[in-house]
Number of protein chains: 2
Amino acid sequence: MSPINRDLQKERDKATIDSSLITHILDGGIENTNYRHYVEKLLLEDPIFDEKDRYLIGPEEKYDLSVKRSLHLSKLLKKHNIKLDGDALLLISRTLNSDLALSIHSLMFMPTIERLGTNEQKAKWIKLASEFKIIGTYAQTELGHGTYLGGLETTATYDASTQQFVLNSPTLTSMKWWPGGLGLSCNYAVLLAQLVIQGKKYGPHAFLVKIRSLHNHQPLPGRQMGDIGLKWDYSTVDNGFLRLDNVRIPRDQMLMKYTKVAPDGTYSTSGNIKVTYGTMIAVRLTIIAFSFLELARALTIAVRYSAVRRQAPLEIGGEEVQILDYQTQQQKLFPGLATAYAFCFIHQKITKMYHKMEAEIMQDNFQSLPELHALCCGLKSFCTSTSAEFINICRFACGGQGLLMSSGLPSIYARFSASCTYEGDNTVMMLQLSRYLLKCLRKAQEGVTIEGSASYLSDISADQLTTYDDCWTQPQFLCDAFKIRSYKLVMAAGQKIGVLLASGKTPGQAWNESLVQLVNCGEAHMQYFVLSGFVERLRELQTMQSIQSKLNDLCQLFGLYYITKHRADFMMDGYLTQEQISEATEIYLKVLSSIRPEAVSLVDAFDYRDECVHSTLGCYDGNAYQRLYEFAKRGARNQSPVHETYDKYLVQLIKGMPSKL
Amino acid sequence: MSPINRDLQKERDKATIDSSLITHILDGGIENTNYRHYVEKLLLEDPIFDEKDRYLIGPEEKYDLSVKRSLHLSKLLKKHNIKLDGDALLLISRTLNSDLALSIHSLMFMPTIERLGTNEQKAKWIKLASEFKIIGTYAQTELGHGTYLGGLETTATYDASTQQFVLNSPTLTSMKWWPGGLGLSCNYAVLLAQLVIQGKKYGPHAFLVKIRSLHNHQPLPGRQMGDIGLKWDYSTVDNGFLRLDNVRIPRDQMLMKYTKVAPDGTYSTSGNIKVTYGTMIAVRLTIIAFSFLELARALTIAVRYSAVRRQAPLEIGGEEVQILDYQTQQQKLFPGLATAYAFCFIHQKITKMYHKMEAEIMQDNFQSLPELHALCCGLKSFCTSTSAEFINICRFACGGQGLLMSSGLPSIYARFSASCTYEGDNTVMMLQLSRYLLKCLRKAQEGVTIEGSASYLSDISADQLTTYDDCWTQPQFLCDAFKIRSYKLVMAAGQKIGVLLASGKTPGQAWNESLVQLVNCGEAHMQYFVLSGFVERLRELQTMQSIQSKLNDLCQLFGLYYITKHRADFMMDGYLTQEQISEATEIYLKVLSSIRPEAVSLVDAFDYRDECVHSTLGCYDGNAYQRLYEFAKRGARNQSPVHETYDKYLVQLIKGMPSKL
């Protein structure tokens, strides 16, 4: 290993906190950190996961490697007795930073059969799937239909005479489009289709459909399929398309735990179908975790590089300063740093809430479901949009080098920002939360006491709305300000919809004409919720005072960043005065500079190994320039001193040159 | 050609404006439109520029094609007597949407020799360069040194005994890094290095350095060079690195129009070196033009696709609606649409100002230079950042399909967003404008009348600061509001710096601790300046009332968008009240819906041919789904029904399957 860059070493020497203690907090306990280190070692010492050519190989080679690694991984996990559940997938993805070709098999195909299959169906299919005897995908999205499930066009028509479902893609737009692994790898799909029995539509249901031969992998008759083509830096997965033409499957390949079609075509339902929301919530929890992890990865790169990079002196004739010393650079990076910490803590909190709900549901108690569903929709939207934005800022903050693939930042951004769209477009997701808030408001106005995160809708008193004790250093005061703001925005949206309805608009029109404000109240609620989660977590750290005080700076920064960003909201009805806002801005800028000396430790605490950062700029030793140069020399274009384009094209121009030049 | 998509046809049928009339306005006259059509035809009918494989080929093939096309283009232009100046380059780039390998040769290598070379130097080198007998790059940036020119480390030490300069890269960070064409294609460079004579440093000067043999293209001794590696979707250009080790060049290869080194080493300067600012301004004008052009391209895709894509009904059980009907979709796309128009008009305005200044400079009158330089820095920053953001919003607004390379949007974003960094990092650029504004403020406070865009600093009266007649439909009133806001922000920044200096901070510290506010005043001035430009342009259209009224909607939207976004600024000192802001928000939302029926025409007016849009989603006929599907089928992965990864890996898993499945 090369010696540590001098500037970076100085940063670490003068930091007042022990970053490894923070690592344990972020991991949720030292035992989790140790387990993570164990898995990292297992994977990263295996040569198959070596990624030193990551930014040199093309999309086809990436897919090939990805299939190879998927299979190897499943053997490795089996050997070491690691179950491929959500937590393991998270840890593996954090370590490999690479979407594996067959991940939908474990992440969605099997869990859907687990949730929606009868015991017999599970006994048969889960066994085959867990041994990879069949490889499955989850086929919901269609070329013309995404977030709105009701619009799906694929049909599954029951034929009682043969006891089969006949599957069809009646139009171009009904073609399945996007499912991961569908293009080339999978031979089975859990497929969503509109169930039709004797001409009557019953809405979307899930079917198990064989798509390729298990003997030679050829697409079966009636299935036209393939890969949907290159995506933005996401070539490890073969997202695919599938058109179905009178494909027949036996009756017992509809997943029938909650809905049944009897041999004679009688349709029935049983149990609480709401339990299926659990899968969606679990997937969104994973996405929230990634919002933290990918932002942390980007910050590790940008903060370290900003400590190494020097550019322009502050005073004429002075020494060039580390760019991290510029207030504008701090303003770019530190709100993101505070946000990464906030997202880690909110993920810890919402995961606890999820486990509590799962236990309640086992007792047939569904009371936590509506709020948790709404919060997960809102967080999915808020966390992914916010992290994507800050990751992009990290990229810009690294200047020209941030445009080099070897910096890692273009790739982190391109890949992560996709999560603003998949599993529910962020605008639609945020509106799910807003819809929940409006429902709570209506109940509160009917005198019902609201429980949970939106309790303010029923318990805020009039005097809280107009007075504010400014106490910027007390996180609880910041929380109150966010709560009041959220309350006002929800009230205003509710009022607006009421006025529109009273003026004769239909509910749909009234809702549509309020969308912009509705999205704003969802966001406001999320900022309040995330900040509250941060404050709660800080309270738990009272025994670790030095760390608590540093994290308190981050928490304050998170609050002040959004207060200054949305200051007009906080000034509504004079809740905060112009003077208070100016004061908040000044304190915000001061907090930036108080975080400055700890910034490197605070990203070191994310504890990313160099092999997981994949960046010439962001390694622990800070030798960014050496790595940029060494990496460049390995490029395909530098393998001979004269490139072939010279003989092919340039020589024609240059010939006939005066020889004396 | 396939029939037009029904929804899109309806949009065009019900539009009230003739989009071709607007096209002429955007082009700056019908004769420009005709000339553009002529050049487009010339290029696009030439099979060498066929781009149907654009999203299928890899980076090395792209570079190969790019060199081939560069050479072909130069022949074609010669044949048709088209001079490759700034305007022509703009038109060609708009048409081909492809950065050509050798463009730095025409865009920077030759212009620098033109500006900085003596008549003898020009006679010799421009002739060779214009015939492509030599191929040049412009080598300024170093691995460790970007925007801050003073930090360059490469040295050019004069050796009077041989009348040569000896060039060296004394450190790793002094290596030239990024120059376009340097990696593989060029054999000459205009290179910036610190001039040293007898141990004394004279700052950066420009030298003509031969880097490769003209006979076999081998790097010459003492030059270690190559390509810097893959960039974010920018593989057509071979950006390179170069380390110099005692490279000797004759004395007459320093460009000596303004600075001379005599044979005995005597250093002298002559003429007004400020004239060199002209090159930087010209390059920035081009970047401002691209901010319009690339945003327009992205909007063409996103608006057309949003008219074609239907998703979810407004009322339960209703028909799915065009996503363009959702208020949130309008809020995503229409402010960008207004901004594209605004940027087109401000580019027209600033170009006129530039030509006026060039004429004045010929008369040795430099009085317009400081403001124009500052405005171009500010516009470069504001326009590129804003367009990049809106292009990204266009991408998100197309949902999952916006992640497919074939949509064109990832590529437009990745390539365009680089302009936020090159030719001066946007934060640094904006601060150049802020520095100018602060200078003006100081002068105004000394009683000097300020001319030009910042004249408000000396002519605003106290009563303007507190009263506002709300008249949201009158663009001039909006302009006034922006002017007042800008005035207040500049005043506040000036005051803050004053306080910091009075408290004993050094000028550098005071400046650094005010950076965030300084950036804000620059942005505020830019919004004011761009809005004023829009309003001026509208006034010129009084004879075309129907068009004026539609463009007036866009102008209003541009103003109202920024007022609502930065509403806290406008509420400062009660200039706008909370009630006025609420009213502005309501009107803003109304303007969105009044633009809705014209949205398709307003992007049709950008007049992009399908071959220039390069998008499966954005073609004129709106057949997005067909194109997505047809394109997918052409992908490398779909060339055989069973992919090779089956035999290599998957077969191991599946073998031993129960045969009855």
Side-chain angles (χ1 to χ4, degrees), chain A residues 58 60 64 67-68 71 132-133 143 146 148 151 172-173 178 184 214 217-219 226-232 311-312 314-315 320 327-328 331 399-400 403-406 410 418 421 425 427 506 508 512 515-516 567-568 625 631-632 635-638 641-643 645-646 649 653-654 657 661, chain B residues 58 60 64 67-68 71 132-133 143 146 148 151 172-173 178 184 214 217-219 226-232 311-312 314-315 320 327-328 331 399-400 403-406 410 418 421 425 427 506 508 512 515-516 567-568 625 631-632 635-638 641-643 645-646 649 653-654 657 661:
Chain A
E60 298 316 311
D64 183 291
V67 177
K68 187 175 165 186
L71 302 192
F132 272 101
K133 292 297 177 197
L143 182 53
Y148 176 62
L172 179 71
T173 46
W178 272 109
L184 314 172
L214 299 181
H217 212 59
Q218 289 283 343
D227 182 284
I228 61 169
L230 282 187
K231 295 137 290 179
W232 210 17
Q311 202 74 178
L314 278 186
E315 315 290 341
E320 291 193 273
Q327 191 186 51
T328 34
Q331 144 91 348
L403 291 162
L404 289 168
M405 293 309 286
S406 79
T421 304
D425 174 89
T427 303
T506 65
N512 192 31
L515 286 183
V516 169
R567 58 194 184 280
Y625 297 124
F631 184 84
R637 295 181 184 179
N638 294 333
V642 177
H643 194 259
T645 46
Y646 173 71
Y649 312 114
L653 287 177
I654 294 163
M657 274 298 299
L661 266 182
Chain B
E60 299 316 311
D64 183 291
V67 176
K68 187 175 167 186
L71 302 192
F132 271 101
K133 293 296 178 198
L143 182 53
Y148 175 62
L172 179 72
T173 47
W178 272 110
L184 314 171
L214 298 181
H217 212 57
Q218 289 282 345
D227 183 284
I228 61 168
L230 283 185
K231 293 138 290 179
W232 210 18
Q311 201 74 180
L314 277 185
E315 314 289 340
E320 290 193 274
Q327 192 186 50
T328 34
Q331 146 90 349
L403 291 163
L404 289 168
M405 292 309 286
S406 79
T421 303
D425 174 88
T427 304
T506 66
N512 191 32
L515 287 182
V516 170
R567 57 194 184 283
Y625 298 124
F631 184 84
R637 295 182 184 180
N638 294 333
V642 176
H643 194 260
T645 46
Y646 173 71
Y649 313 114
L653 288 178
I654 295 162
M657 275 297 299
L661 266 183

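Just so we're on the same page: letters track the sequence lines, and every chain starts at 1.
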Ignoring hydrogens, what is the shortest heavy-atom contact between B:Pro219 and A:Pro641? Give both atom names and the distance. CD-O, 3.8 Å
For the student: nearest non-hydrogen atoms of B:Glu320 and A:Gly151, plus distance: OE1-CA, 4.0 Å
Shortest non-hydrogen contact from B:Tyr625 toward A:Leu143: CE2-O, 3.4 Å
Which one of A:Leu184, A:Asn512, A:Val67 has the most heavy-atom pairs closer than 4.5 Å to chain B? A:Asn512
One option among A:Leu314, A:Asn638, A:Thr427 has the most heavy-atom pairs under 4.5 Å with chain B, and it is A:Asn638
Closest non-hydrogen contact found for A:Arg567 with B:Ala568 is CG-CB, 3.3 Å
Identify which part of B:Gln218 has an atom lying under 4.5 Å from any heavy atom of chain A, answering side chain, backbone, both or neither. both
Can you tell me which of B:Gly508, B:Ala636, B:Gly635 forms the most heavy-atom pairs within a distance under 4.5 Å of chain A? B:Gly508
Closest contact, heavy atoms only, A:Gln327 versus B:Val516: OE1-N, 3.0 Å
Check each atom of A:Leu172 against the heavy atoms of chain B and say whether the ones under 4.5 Å are side chain, backbone, both or neither. side chain
Tell me, side chain or backbone of B:Asp227 under 4.5 Å from chain A's heavy atoms, or both, or neither? both
Between B:His643 and chain A, with a heavy-atom cut-off of 4.5 Å, which part of the residue counts as in contact: side chain, backbone, both or neither? side chain
Side chain, backbone, both or neither: which part of B:Leu71 has an atom under 4.5 Å from a heavy atom of chain A? side chain
Just so I understand: if I count every heavy-atom pair under 4.5 Å between each of A:Lys231, A:Gln331, A:Lys68 and chain B, which residue has the most? A:Lys68
Among A:Glu315, A:Glu60, A:Arg637, which residue has the highest count of heavy-atom pairs closer than 4.5 Å to chain B? A:Arg637
Looking only at heavy atoms, the pair that brings B:Gly399 and A:Thr421 closest together is C-CG2, 3.4 Å
Using 0.5 Å steps for rounding, measure from the CE atom of B:Met405 to the CD1 atom of A:Ile228. 13.0 Å
Contacting region of B:Thr173 [heavy-atom separation from chain A under 4.5 Å]: side chain
Side chain, backbone, both or neither of B:Ala312 within contact of chain A (heavy atoms, under 4.5 Å): both
Between A:Gly229, A:Gly146, A:Pro410, which shows the greatest number of heavy-atom pairs under 4.5 Å with chain B? A:Pro410
Interface residue of largest heavy-atom contact number with chain B, from A:Tyr148, A:Trp232, A:Phe631, under 4.5 Å: A:Trp232
